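Data block below; observations after.
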Amino acid sequence: MSLPSACLCTLAAALTIGTAAAAQGSLHLFANGEALAREGFIAPALTRDGWELRFDHVFVTLAGVSALQTDPPYDAHAGGKPRATDTVVFDTIDQMTIDLTDTDAQGRVMLATAPAPAGHYNAVVWSVVPAQSGDWAGQSMVLVGTATRDGASVDFTLTSDATHDYTCGEYVGDARNGFVTASNAAELELTFHLDHLFGRLDKEDADPMNIHALGFDAFAAGGTHQMTLTGLHIGHVGEGHCAVSHP
């Protein structure tokens with residue numbers, strides 16, 4: 001017996017809804033300052049000008065974080081705007097200030113979880129922005145710690161009020177990340193490379209990182225100093241690259 005057309009439409013709609021529901025998973029988003037934030041710049045990985053740095057706090061204020069499925073895959077070196085086929089907005093991250101030294105057992109800071117359609121999230125967009133409130137209102141990054149060289153130690157507080165916008169391609173690490181499947185969670189990470197700020201003594205002088213890095217000599221008097229971060233590529237996704245702009 002054939003079904004009436006109205007029943008067929010209802011059945012088709014039910015199957016579509018069921019398929020959509022089955023294809024829904026979630027995304028867990030983390031931030032990571034890696035060992036340099038947690039353990040500091042210690043030998044042989046001193047700053048490019050030979051300072052040991054240990055951090056009490058590495059504060060970063062985040063906003064506008066989205067994960068994207070893009071086709072074609074986003075090329076951070078080419079820049080431009082990703083062609084997103086699906087976008088997940090982490091709307092709970094609105095002026096969130098985190099401390100990259102205050103981490104879980106895996107060295108990461110949990111930021112948010114959001115429902116996400118199934119697929120590969122191969123791009124992430126986010127901004128580092130000045131905090132609107134709190135102890136460091138007006139600053140987007142604040143690094144507090146102690147620097148040591150040749151037996152002399154100084155306490156420092158380094159601040160930046162710059163906004164920097166990151167558009168990143170796929171996470172690069174020991175395993176590929178960002179694959180959401182039905183009813184399962186995937187992980188993504190915003191990674192902050194502090195060696196792009198201070199350079200590394202165990203790298204060649206001609207290494208692009210060392211050419212552009214600030215080093216620490218300019219802050220050697222200790223106390224509070226403002227950093228200029230224009231042109232520095234601090235944000236990554238693991239070892240994956242991001243296009244960065246400083247509006």
Side-chain angles (χ1 to χ4, degrees), residues 31-62 76-77 79 98-101 103 107 109 126-130 136 139-150 152-169 171-173 189-247:
N32 192 344
E34 301 185 311
L36 290 176
R38 298 187 304 272
E39 301 169 14
F41 286 71
I42 54 178
L46 303 173
T47 69
R48 68 176 176 84
D49 37 20
W51 288 88
E52 176 183 292
L53 303 182
R54 294 184 183 269
F55 300 103
D56 299 315
H57 303 285
V58 178
F59 295 116
V60 180
T61 300
L62 301 170
H77 294 288
I98 62 172
D99 186 349
L100 294 173
T101 70
T103 68
V109 180
W126 86 90
S127 295
V128 174
V129 299
W136 296 106
Q139 304 302 318
S140 56
M141 293 188 69
V142 180
L143 287 69
V144 182
T146 303
T148 304
R149 188 177 68 181
D150 300 330
S153 293
V154 296
D155 296 329
F156 63 83
T157 299
L158 306 181
T159 66
S160 170
D161 59 5
T163 295
H164 21 132
D165 299 328
Y166 293 100
T167 306
C168 310
Y171 174 89
V172 176
E189 179 182 294
L190 315 183
T191 314
F192 294 85
H193 288 193
L194 298 187
D195 46 2
H196 285 249
L197 262 176
F198 299 107
R200 290 268 294 269
L201 191 63
D202 56 346
K203 303 282 187 181
E204 296 291 333
D205 289 343
D207 189 289
M209 177 196 304
N210 281 334
I211 291 173
H212 299 290
L214 301 177
F216 191 80
D217 277 347
F219 316 117
T224 301
H225 298 268
Q226 186 82 3
M227 300 180 292
T228 301
L229 304 184
T230 302
L232 299 182
H233 289 245
I234 304 168
H236 290 67
V237 277
E239 295 300 321
H241 288 175
C242 305
V244 58
S245 62
H246 296 266

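Computed from a predicted model, the values in this text were never measured in an experiment. Along the sequence shown, the residues carry numbers beginning at 1.
- Considering only residues two or more places apart in sequence or on other chains, Asp217 meets the side chain to side chain contact (heavy atoms under 4.5 Å, CB included) condition with Asp49, Trp51, Arg149.
- Minimum heavy-atom separation, Ser140 to Ala162: OG-O, 2.5 Å.
- Evaluation of the side chain to side chain donor-acceptor pair (under 3.5 Å) test over residues 201-210, restricted to residues two or more places apart or in two chains, returns Arg200-Asp202.
- Every residue meeting the side chain to side chain contact (heavy atoms under 4.5 Å, CB included) condition with Ile42, not counting sequence neighbours, appears here in chain and number order: Glu52, Arg54.
- If you take OG1 on Thr230 and CG on Leu232, they are separated by 8.0 Å, rounding to the nearest 0.5 Å.
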Test log, rule side chain to side chain contact (heavy atoms under 4.5 Å, CB included), inputs Val142 and Leu158 = CA-CA 6 Å; Val142 180; Leu158 306 181; over 6 Å; no
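- In terms of modelled atom types and a separation under 3.5 Å, the side chain of Asp99 and the main chain of Val58 share a donor-acceptor contact.
- Under the rule for a side chain to side chain contact (heavy atoms under 4.5 Å, CB included), the partners of Thr103 that lie at least two apart in sequence or sit in another chain are Arg38, Val109.
- Contact annotation: the side chain of Thr157 never approaches that of Leu143 to less than 4.5 Å [non-hydrogen atoms, C-beta and beyond].
- Nearest heavy atoms, Gly50 versus Leu46: O-CD1, 3.8 Å.
- Nearest heavy-atom pair, Phe219 versus Gln226, reported as atom, atom and distance to 0.1 Å: CE2-O, 4.2 Å.
- Contact check for Glu189 versus Tyr171: side-chain heavy atoms found under the 4.5 Å cut-off.
- The distance from the NE2 atom of His193 to the CD1 atom of Ile234 is 11.0 Å, given to the nearest 0.5 Å.
- In this structure the side chain of Phe41 reaches within 4.5 angstrom of the side chain of Leu194, judged on heavy atoms.
- Looking at Leu229 and Leu214, their side chains come closer than 4.5 Å, going by heavy atoms from C-beta outward.
- Residues Pro130 and Thr163 form a side-chain contact, since some pair of their non-hydrogen atoms from C-beta on lies under 4.5 Å apart.
- Here CG of Leu53 is found 5.5 Å from OG1 of Thr47. Values are rounded to the nearest 0.5 Å.
- For the atom pair CG of Leu100 and CG of Leu36, the computed distance is 11.5 Å after rounding to the nearest 0.5 Å.
- The stretch residues 238-247 participates, sequence neighbours left out, in these side chain to side chain donor-acceptor pair (under 3.5 Å) pairs: His77-His241.
- Thr101 places a side-chain N or O within 3.5 Å of a backbone atom of Asp56 that can act as its donor or acceptor partner.
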Test log, rule side-chain hydrogen bond (donor to acceptor under 3.5 Å, both in side chains), inputs Thr191 and Asn32 = CA-CA 5 Å; Thr191 314; Asn32 192 344; 5.7 Å; no
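- Using the six-membered ring where Trp is involved, Phe198 and Phe216 have ring planes that are tilted, between 30° and 60° apart.
- Distance check: Arg48 CZ to Met209 CE gives 12.0 Å after rounding to the nearest 0.5 Å.
- Thr148 and Ser153 share a side-chain donor-acceptor pair at under 3.5 Å.
- Residues satisfying the side chain to side chain contact (heavy atoms under 4.5 Å, CB included) criterion with Cys242, sequence neighbours excluded, are Trp126, Tyr166, Cys168.
- Between Ala243 and Gly79, the shortest heavy-atom contact is CB-CA, 4.3 Å.
- The aromatic rings of His196 and His236 lie tilted to each other, with the angle between the two planes from 30° to 60°.
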